[in-house]
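Report on the structure given below.
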Amino acid sequence: MNAKPDFPRQARIVIVGGGIIGCSTAWHLAKMGCNDVVLLEKHKLTSGSTFHAAGLVGQLRTNANITQLLGYSVELYKTLEQETGLATGWKMNGGLRLACNEERWTEVKRQATMAHSFGLEMHLLTPQEALDLWPVMAIDDLVGAAFLPTDGQANPSDITQSLASGARKAGVQICEDTQVTGFDFDGDTIRAVNTTNGTIQCERLVICGGQWSRQLGQLAGVNIPLVSVQHQYLVTEQIPGVPSDLPTLRDPDRLTYFKEEVGGLVMGGYEPNPLPWAQQGIPQGFNFTLLDNELDHFEPLMEQAIARVPALADAGIKQMLNGPESFTPDGNFILGAAPERNNVFVGAGFNAFGIASGGGAGMALAEWVQNGEPPFDLWPVDIRRFGKPHADVNWVRSRTLEAYSKHYTMAWPYEEHKSCRPCRRSPLYESLRSQGACFGEKLGWERPNWFAADPDSAFDEYSFGRQNWFDAVGEEHLAVREAVAIFDQSSFAKYRVFGPGAVAALSWICANNIDVAIGGVVYTQMLNRHGGIESDLTVTRIDEDEFYLVTGTGFATHDFDWIRRNIQPGCDARIEDVTSAWAVLSVMGPNSRALLLSLVQQDISHAAFAFATMQELAIAGGMVRALRVSYVGELGWELHVPVEFALSVYEALLLAGRELGIVNAGYRAIESLRLEKGYRAWGADIGPDYNPLEAGLGWAVDLQSGKSFIGRDAILAQKEQPLLKSLACFTLADRNVVLLGRETIYRNGERVGWLSSAGWGYTANTNIGLGYVRNDAGVDSDYLQAGTFELEVASERMPCELQHQAAYDPKMLKLRC
Ligand SMILES: Cc1cc2nc3c(=O)[nH]c(=O)nc-3n(C[C@H](O)[C@H](O)[C@H](O)COP(=O)(O)OP(=O)(O)OC[C@H]3O[C@@H](n4cnc5c(N)ncnc54)[C@H](O)[C@@H]3O)c2cc1C
């Protein structure tokens with residue numbers, strides 16, 4: 001390689017990729033005062049996917065913070081020209097979404113409520129009102145529509161050039177025609193980037209390589225699970241009656257989208273049978289390049305589009321375009337600090353909404369790179385949401401194609417993926433299947449959601465009403481409250497933290513006191529420096545210098561990474577993932593002690609085996625770690641069983657439990673049971689944006705002992721201030737109303753928040769919703785009690801009850817210890 005004489009030798013931050021994401025990240029870093037930045041682009045700016053994007057900018061997503069991120073893009077595109085002098089083509093013409101059947105209409109009404117929850121204006125329209133906004137469409141099949149006035153469209157290349165120009169002016173060096181070919185490592189740290197023009201030392205590396213990011217990630221030792229998929233649209237000549245302020249249009253029942261362009265229309269869509277691309281790798285030199293059109297493949301979309309816009313049948317076609325774009329297994333983009341390395345960040349996999357996301361994603365990534373943490377909780381797009389199956393590109397591709405094909409299909413509540421299953425199976429899988437388990441999937445794991453009386457009926461029938469599993473889950477729920485049930489929770493992520501420094505390491509990382517007697521089980525949060533909840537888990541002391549940590553299935557990568565990064569330098573402690581070594585059978589319910597008593601020799605009375613302790617029990621020839629804990633509000637034990645013993649232990653429990661009314665139960669019953677008890681779920685009710693005081697978990701924070709831990713100062717400071725938000729529990733007894741989460745909370749007629757999770761409580765016989773009530777002047781119990789609350793469900797407001805205790809009244813508990 002011949003080094004170019006003027007090629008930079010060193011930069012604090014090196015960004016790879018000159019598409020909208022790389023340029024936005026560079027611009028935001030410069031705005032933050034960090035201009036020791038070099039951006040490397042193998043060809044020319046915008047020459048990847050950015051130059052051929054259609055330019056629709058929508059905002060509403062199913063998560064408040066991602067919606068906020070997209071809202072940030074809109075604000076940026078409005079004003080960028082004033083800052084950089086280069087226009088972005090931004091036009092805030094609004095966005096229309098159509099509904100052509102009653103179920104879609106329910107979905108749209110629920111989306112409108114979600115928009116209101118997140119503070120976004122979204123109006124429901126009659127077909128005629130929609131026609132007034134979009135005069136060239138046929139509306140004979142329309143049930144209704146929704147309009148987002150602040151959506152719009154922009155010119156992707158212009159935005160990118162505008163951002164790049166602003167970044168350059170602020171001191172960022174942009175090197176085009178510079179291909180990254182490899183990296184120099186120092187352990188898990190990248191020290192230098194090798195390019196066709198020379199080597200550049202860096203402190204931090206940011207991969208914004210679009211569909212090339214997976215390959216770049218491989219060079220850097222980072223898994224970036226995305227694949228290329230073909231995406232087509234056409235551009236028409238002028239069509240009479242198309243005004244320049246025509247809103248963008250999404251017609252999900254016809255799988256298509258539209259936008260105005262120079263008096264004509266851009267029309268594209270999401271086929272049910274997407275075409276993958278570059279399965280053997282992206283060809284060299286693929287820049288400013290398009291793929292051959294797949295006319296046969298596009299034809300069904302064209303037919304749907306003509307049915308919506310009859311004038312398309314006679315419109316001249318100016319251009320048809322097939323461009324590859326990177327898509328991901330869950331349809332969300334990939335952002336954040338790569339868990340495999342100490343100094344690598346990623347912004348990639350934008351699933352054909354990279355223009356809409358570009359401004360906000362660049363802002364968030366810049367903050368992440370600069371400060372080592374995101375500006376707010378970005379869990380739905382966090383790279384640490386992926387796990388073991390995502391290392392296999394074939395798995396990733398199959399799941400991604402499924403996600404692509406469902407882009408415009410109905411987003412049913414509780415919908416499960418079909419592809420790549422079964423993948424990770426517990427030793428009980430076949431047995432549970434033969435007994436009627438209907439499985440869901442998380443991070444590749446098959447997990448029983450519920451049990452059908454007849455195994456042939458073990459499938460979900462989706463709807464927005466009560467689904468076919470509702471009664472079966474009710475029976476499982478009641479068995480837990482009144483007898484005993486057994487849950488297969490083998491998919492829990494489990495770690496071993498050990499070494500002479502294990503106590504010191506975990507004392508610093510955990511908010512609760514984990515320095516307990518051997519056999520103690522501690523429920524704790526791990527906080528960030530702002531006091532936000534990064535993890536919620538149990539820590540069991542196995543020995544003087546050994547702990548066993550158990551956390552949720554989906555958080556395996558995230559929590560491992562959080563702990564690994566926060567073990568202080570010089571602290572002799574290590575973390576090992578032991579998930580695959582242990583199956584977990586939870587026996588929960590008032591008869592659980594009698595069940596275990598029939599199988600074990602030890603005294604397991606309350607006095608001998610207290611809550612929040614662990615003992616080893618011999619069951620069916622296996623030594624089992626029994627943790628006396630409960631996430632369902634009943635007496636119970638999590639039995640952690642070496643995998644080879646799991647089936648025998650399970651069979652022994654089932655046999656012994658016959659007389660005690662034992663049943664198999666699944667995750668939907670757990671959800672109902674924990675909602676009744678008001679137990680919080682990480683990722684929904686708690687997360688980095690909420691501190692334990694706001695979440696009502698202050699009792700699990702050890703401020704008494706005086707120990708130092710991450711977030712302590714923030715919690716102490718919070719104690720001196722009013723809470724600006726506080727988790728509350730609401731009930732709504734009408735069984736015909738289905739709460740799913742994200743319904744808007746109103747207090748005295750004013751919007752104060754949304755439900756973070758919700759469902760039906762079978763013992764309390766009511767809908768239950770948890771959600772934060774927000775108020776700038778503070779939220780305390782007086783403020784809550786003085787309010788009259790309503791929920792907006794599918795665009796309809798209805799009264800609800802604020803509960804001062806968990807919906808499952810503890811007084812209903814018989815003495816069960
Ligand atoms: C047909 C089509 C229509 C679309 N319509 C829309 C839309 O309406 N709205 C919307 O929001 N989004 C849309 N998108 C999506 C949007 O185009 C992308 O999400 C976005 O452009 C991604 O930007 P990026 O910066 O991540 O990737 P890219 O634009 O691909 O940029 C990555 C850059 O990295 C460079 N690079 C890669 N490897 C290296 C290396 N080794 N060394 C140096 N440089 C390297 C590449 O050359 C490339 O320029 C559409 C996409 C397609 C395909």
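Indexing begins at 1, ligand by ligand and atom by atom, following the structure's order.
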Residue, atom name and distance, where the atom is the protein heavy atom closest to [atom]:
atom: atom 7 (C) of ligand 1; result: G55 N, 3.4 Å
atom: atom 12 (N) of ligand 1; result: A352 O, 3.1 Å
atom: atom 27 (O) of ligand 1; result: G210 CA, 3.4 Å
atom: atom 18 (C) of ligand 1; result: E325 OE2, 3.2 Å
atom: atom 23 (O) of ligand 1; result: T50 OG1, 3.4 Å
atom: atom 43 (C) of ligand 1; result: K42 N, 3.1 Å
atom: atom 17 (O) of ligand 1; result: A53 CB, 3.2 Å
atom: atom 28 (P) of ligand 1; result: S49 N, 3.5 Å

For ligand 1, the portion of [X] having any non-hydrogen atom under 4.0 Å away:
X: L216; answer: side chain
X: Y233; answer: side chain
X: T178; answer: backbone

Under a 3.5 Å cutoff, is there a donor and acceptor pairing between the side chains of [X] and [Y]?
X: T189; Y: N342; result: yes
X: N287; Y: K42; result: yes
X: Q59; Y: T150; result: yes
X: N194; Y: T199; result: yes
X: Q211; Y: S326; result: no
X: N93; Y: Q153; result: yes

Contact check, side chains of I159 and I355, non-hydrogen atoms, under 4.5 Å: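 Counting from C-beta outward, I159 and I355 do come under 4.5 Å.
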Hey, what's the ring geometry for Y270 with Y404, parallel, tilted or perpendicular (30° and 60° as the breaks)?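 Ring orientation, 0 to 90° scale: tilted.
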Option among L40, L219, V38, D184 that satisfies the side-chain contact (heavy atoms from CB on, under 4.5 Å) test with V193: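 Going through L40, L219, V38, D184 one by one, the side-chain contact (heavy atoms from CB on, under 4.5 Å) with V193 is satisfied by L40 alone.
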[X] heavy atoms, cut-off 4.0 Å: which ligand 1 atoms fall inside?
X: I21; result: 23 (O), 24 (P), 25 (O), 26 (O)
X: L40; result: 43 (C), 44 (N)
X: A54; result: 3 (C), 4 (C), 5 (N), 6 (C), 7 (C), 8 (O)
X: A356; result: 10 (C), 11 (O)
X: W212; result: 30 (O), 37 (C), 38 (N), 46 (C), 48 (C)
X: G323; result: 53 (C)
X: C208; result: 32 (C), 34 (O)
X: G209; result: 32 (C), 34 (O), 37 (C)

Have a look at [options] and point out the one with the heavy atom closest to [atom].
atom: atom 41 (N) of ligand 1; options: L56, V180, V16; answer: V180
atom: atom 53 (C) of ligand 1; options: H52, E176, E41, Q179; answer: H52
atom: atom 31 (O) of ligand 1; options: S326, G22, G19, G268; answer: G19

Do [X] and [Y] make the cut of ring centroids closer than 6.0 angstrom?
X: H52; Y: F288; result: no
X: F286; Y: W277; result: yes
X: Y257; Y: Y233; result: no

Would you call R254 and E303 a salt bridge, taking side-chain N to carboxylate O under 4.0 Å as the test?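 E303 and R254: not salt-bridged.
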Answer yes or no: does an N/O atom from I20 fall short of 3.5 Å to an N/O atom of ligand 1?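 Yes, there is a polar N/O contact under 3.5 Å.
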State whether the shortest distance between N or O atoms of H43 and N or O atoms of ligand 1 falls below 3.5 angstrom.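 Such a contact does not occur with ligand 1.
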So, for G58 and A356, which heavy atoms are closest and what is the spacing to 0.1 Å?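 Scanning both residues completely, I find the closest heavy atoms to be O-CB, 3.6 Å.
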So is [X] close enough to ligand 1, meaning a heavy atom under 4.0 angstrom away?
X: A348; value: no
X: P324; value: yes
X: T160; value: no

Which pairs, with at least one residue in residues 9-28 and sequence neighbours excluded, count as a ring-ring contact (aromatic ring centres under 6.0 Å, His included)?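 Listed by first then second residue: H28-Y72.
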Carefully, step by step, assess R191 and E203 under the rule salt bridge (charged side-chain N to carboxylate O under 4.0 Å, His left out). CA-CA 6 Å; R191 289 291 177 223; E203 288 175 25; over 6 Å; no
